[in-house]
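The residues of the chain are indexed from 1 along the displayed sequence.
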Amino acid sequence: MESESEPYVRLASLRQLHQVMADMNTARSLADTLQTVANGVVTALGYELACVNLVRPDGDLVVAAFSGNQAAESLITGRVGSRESWERRLSMGETWGDLVFIPHTEGWVLDDDDVPQWYTDGPAPRFEDEWHPSDRLFAPMYTPGVQGGQCGELIGVLSVDRPRNGRRPGAWGREALQMYAFQAAIAISNARLRSNMQRALVRLEREQQALRASEESFRQAFEYAPSGMAIAEMGGDQHGRILRTNDALCRLLGRPASAMRRYSFSDLVHPEDIGTLLRTSAEGGRAELRLGRRDGTYLWVSLRNSVVADAADGPRFLLTHVEDIEERKRRELQLAHRASHDSLTGLPNSAELRSRLSARLCQQRSTHTGAALEPVDAAFGHPAFDANGHGFDFRPGGAEAFESFDHHVHTVAPEGERDDGTKGLAVLFCDLDGFKSINDRFGHNAGDAVLIEVARRLSQCVRDGDTVARLGGDEFVILADGLGKADAADLAVRLRSEIIQPIRAEGRAVRVGASFGIGWAHCGMTADEVLKSADERMYVEKRSRPKQHRRAG
């Protein structure tokens, strides 16, 4: 097409144009496509210079490819022209269809704008259609698919210069350049799409590799973690079912992995810790509870749940970390026991005694008339029963006034000297007789041995629900619920009979006696008032007995 007269065009030129367009659409990358577009203008359309100006994401145009002059290529490739300057150029001059031609008579006003350009020398035109070195011809490239082209989005501009025949292009040359720009726009759009897809595929592959690496890291961290790990199902009919465990958890509970998958954590947790487990499973977080081992024992563990969520379906799994805290719990229980129990005898100490007693008593009272409330042990949250397992009635004679405090069932005491059948909380204050002489004669080791043995005998003579406490020195207190006056007196006799039996201390047999005072606790009293009442009764009982009968010797 270099020198053909229009409308005559050689078939070879058409074939060359077709080949160039095919090359544009088969280039391997966006950069290759842009360079092929620039080269095609030179090889197939008969121009000596061609430049591809590509629209960047910010709207400005960068020189992305150049063909025809290596010096000019190195000078302007990569340089940027503002979108404002380009829009000015595309609105000037003459419009040849989609092409824009700015003759040298107007182009001088563009010499100082920021669009990268080259300068060619040559003589002034000698006839009307001869190409001038300062003439400019632009072929805008728009996104395909919009009829008319110009209605689409601008993706770039082809700049061409110096036709080889030295003339401005005629109708055929203009049509060929316009058609070429249209096809170039399609090729560039496709190349961009392929480039984006390739980048997306590379990014996806990298993400998949990272995911596989992360899954492998998680698997190794899960399997070889020194503490127990488990994955449990969340939601549905199988909520809480264990799906996977690591070796550490299997060893901790003494159960094989195949057996663990038959359970949920609710099957393994101690019955008293079910509520704690359910709260932790629903909300995630940490809890301390007991899990059952294969041998039937329970182990204290710290259980930490993390909810593994799916972006589409919401929470899916629970990742559970199980840490053995048996030793720490044992130490905590030992410390708590030491704080509330006597170090010598192991009995509850004075503070624990007052705490248990205060739990049964209330200070604020209100009077109601009606049927009696069900007797409830406020300290332990279960009905109160007498020694025979029968609930005691707080109504000494049918429906009458009784006291209540919120949901607390008031503790009452028998009244009068005779046993009227009322059952109450008996407080037996015990003071050893003759203990000081054993300390003085045989030493404190012997005295300690006596106290330990007395504590053992007292504990053996009371019921499981009763409390035997060491108040201090040689004083002991027994809390026995559900007794009448006769029952309490009988209990004091049995305890005294046990205490006066010989005791081995430091290789010899010694004897101590015991004086008992029986007090009765009832709401409206403080713990100290109850203990003082029993103490006073003990001293009355001690003074009423002959000195020689206070101890066996």
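No donor-acceptor pair closer than 3.5 Å links the side chain of Asp342 to the backbone N or O of Asn349. Using a distance-only test at 3.5 Å, with no hydrogens or angles considered, a donor-acceptor pair links the side chain of Arg457 to the main chain of Gln501. In this structure a side-chain-to-backbone donor-acceptor pair under 3.5 Å is present from Ser497 to Val493. Between the side chain of Asp267 and the backbone N or O of Ser264 there is at least one donor-acceptor pair closer than 3.5 Å. Between the Ser217 side chain and the Ala213 main chain, a donor and an acceptor come within less than 3.5 Å of each other. With hydrogens and angles ignored, the 3.5 Å screen pairs no side-chain donor or acceptor of Arg290 with any backbone N or O of His270. Of the possible polar contacts, one joining the Asp466 side chain to the Arg463 backbone as a donor-acceptor pair under 3.5 Å is found. Within the 3.5 Å criterion, the main-chain N or O of Leu333 finds no donor-acceptor partner in the side chain of His337. Here the side chain of Glu498 pairs no donor or acceptor atom with the backbone of Arg494 at under 3.5 angstrom.
Arg330 and Gln334 share no side-chain donor-acceptor pair at under 3.5 Å.
Under a cutoff of 6.0 Å and an axis angle of 45°, Arg244 and Phe317 do not form a cation-pi pair.
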Take Val530 and Trp520, measure what side chain to side chain contact (heavy atoms under 4.5 Å, CB included) needs, and give me the verdict at the end. CA-CA 7 Å; Val530 174; Trp520 296 93; over 6 Å; no
Go through the steps for Ser189 and Ile155 under the test side chain to side chain contact (heavy atoms under 4.5 Å, CB included), then give the verdict. CA-CA 8 Å; Ser189 297; Ile155 64 173; 3.8 Å; yes
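With Lys436 as the partner, the side-chain hydrogen bond (donor to acceptor under 3.5 Å, both in side chains) test is satisfied by one option alone out of Asp440, Asp433, Asn439: Asp440.
Taking each heavy atom of Arg360 and Cys523 in turn, the nearest pair found is O-SG, 3.8 Å. Closest heavy-atom contact between Ser515 and Met538: O-CG, 3.4 Å. The minimum heavy-atom distance between Ser227 and Asn246, with the atom names listed, is O-ND2, 3.1 Å.
Here the CG-CZ distance, from Leu353 to Arg470, works out to 13.0 Å after rounding to the nearest 0.5 Å. Here the CZ-CG distance, from Arg56 to Leu61, works out to 9.0 Å after rounding to the nearest 0.5 Å. Separating the CD atom in Glu327 from the CD atom in Glu332 is a distance of 11.0 Å, to the nearest 0.5 Å.
The aromatic rings of Phe222 and Phe218 are tilted relative to each other, their planes meeting at an angle between 30° and 60°.
Contact check for Ser302 versus Arg286: side-chain heavy atoms found under the 4.5 Å cut-off.
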